[in-house]
Amino acid sequence: MWETRTLVVYPPGTDRHERLLLRVAHAWPLAGLVVAGAATVAWTAAPVLGAVVGFALYALGFAVLRSATRRLRPLVRSLTVTTFHGSGHPEVHGQVHLFAVSLDALSAFEEALRAGRVDAVAFEAAWGHVWNALPAR
């Protein structure tokens, strides 16, 4: 009945390690639950202790990831477009034009970078232009 697309753009200059940390922090609520559940199940001999260890791992993951991404999280920009299909004609909410232009620019420059038509500096300049065009939180 509805479709949501979100474009997430990290601040220019974000390196591979920082992007990985941001992705893990985003996934931790579910991934951490799996880790905590596995830890709890692993302690079948002492289920109460297993539950405490699982909860501690879950909470520790949040604390470590929040601390590690503290500087970057507020700088990440995103744009969401939602389309509702239930009323006979699609009803679109969000900045569709900005979404399309931003996605096209990033895709074109990434393709050009991979093909060797632009260098890393030109790619990062385009990335920065798109990042600046998106609304800040």
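A side chain to side chain contact (heavy atoms under 4.5 Å, CB included) with Thr14 is found for one member of Leu21, Leu72, Val9 and no other, namely Leu72.
Cluster membership for Leu57 and Val34, using ILVMFWY side-chain heavy atoms within less than 4.5 angstrom, is not shared. Under the 4.5 Å side-chain heavy-atom criterion for grouping Ile, Leu, Val, Met, Phe, Trp and Tyr, Val24 is not connected to Leu60 through any hydrophobic cluster. Residues Val101 and Trp131 fall into different hydrophobic clusters, defined by Ile, Leu, Val, Met, Phe, Trp and Tyr side chains chained together at heavy-atom separations under 4.5 Å. Connection of Leu20 to Leu65 is established within a shared hydrophobic cluster, with ILVMFWY side chains joined at heavy-atom distances below 4.5 Å, either directly or through further cluster members. Using a 4.5 Å cut-off between side-chain heavy atoms of Ile, Leu, Val, Met, Phe, Trp and Tyr, with links allowed through other members, Phe55 and Val35 fall into different hydrophobic clusters.
The closest side-chain heavy-atom distance from Arg137 to Val76 is below 4.5 Å. Val8 is not listed as a side-chain neighbour of Arg77, based on a closest heavy-atom distance of 4.5 Å or more. Taking 4.5 Å as the limit, some side-chain heavy atom of Val81 sits within range of a side-chain heavy atom of Val92. Annotation: side chain of Trp28 is in contact with side chain of Phe62 (closest heavy-atom distance under 4.5 Å). A 4.5 Å side-chain heavy-atom check between Asn132 and Pro12 finds every atom pair outside the cut-off.
Applying the ring-ring contact (aromatic ring centres under 6.0 Å, His included) definition to pairs two or more places apart or across chains, those involving residues 70-93 are Phe84-His93. The ring-ring contact (aromatic ring centres under 6.0 Å, His included) contacts involving residues 2-24 comprise nothing, where partners must be two or more places apart or lie in separate chains.
Not counting sequence neighbours, the partners of Ala36 by the side chain to side chain contact (heavy atoms under 4.5 Å, CB included) test are Tyr58.
Heavy atoms from other residues, nucleotides or ligands lying under 6.0 Å from CZ of Arg117 number more than 12. Within a 6.0 Å radius of CZ in Arg66, no more than 12 heavy atoms belonging to other residues, nucleotides or ligands are found.
Taking all atoms of both residues into account, the shortest heavy-atom contact from Leu98 to Ala133 is CD2-O, 3.8 Å. Heavy atoms only, all atoms of each residue included: Pro90 and Thr83 are closest at CB-CG2, 3.9 Å. Across all their heavy atoms, Ser102 and Leu7 have their closest contact at CB-CD2, 3.6 Å. Residue Gly54 comes nearest to Ala39 through the heavy atom pair CA-CB, 4.1 Å, listed as atom of the first residue, atom of the second, then distance.
Under the 3.5 Å distance criterion, with hydrogens and angles disregarded, a donor-acceptor pair is assigned to the side chains of Thr6 and Thr80.
For the atom pair CD (Gln95) and CG (Leu79), the distance works out to 5.5 Å, reported to the nearest 0.5 Å. Rounding to the nearest 0.5 Å gives a distance of 6.0 Å between CZ of Arg5 and CG of Leu103. From Thr44, atom OG1 reaches atom CG of Leu49 across 11.5 Å, with rounding to the nearest 0.5 Å.
For the pair Glu18 (side chain) and Asp15 (backbone), a donor-acceptor distance under 3.5 Å is present. Looking at Glu124, its side chain does come within 3.5 Å of a backbone N or O of Gly13 through a donor-acceptor pair.
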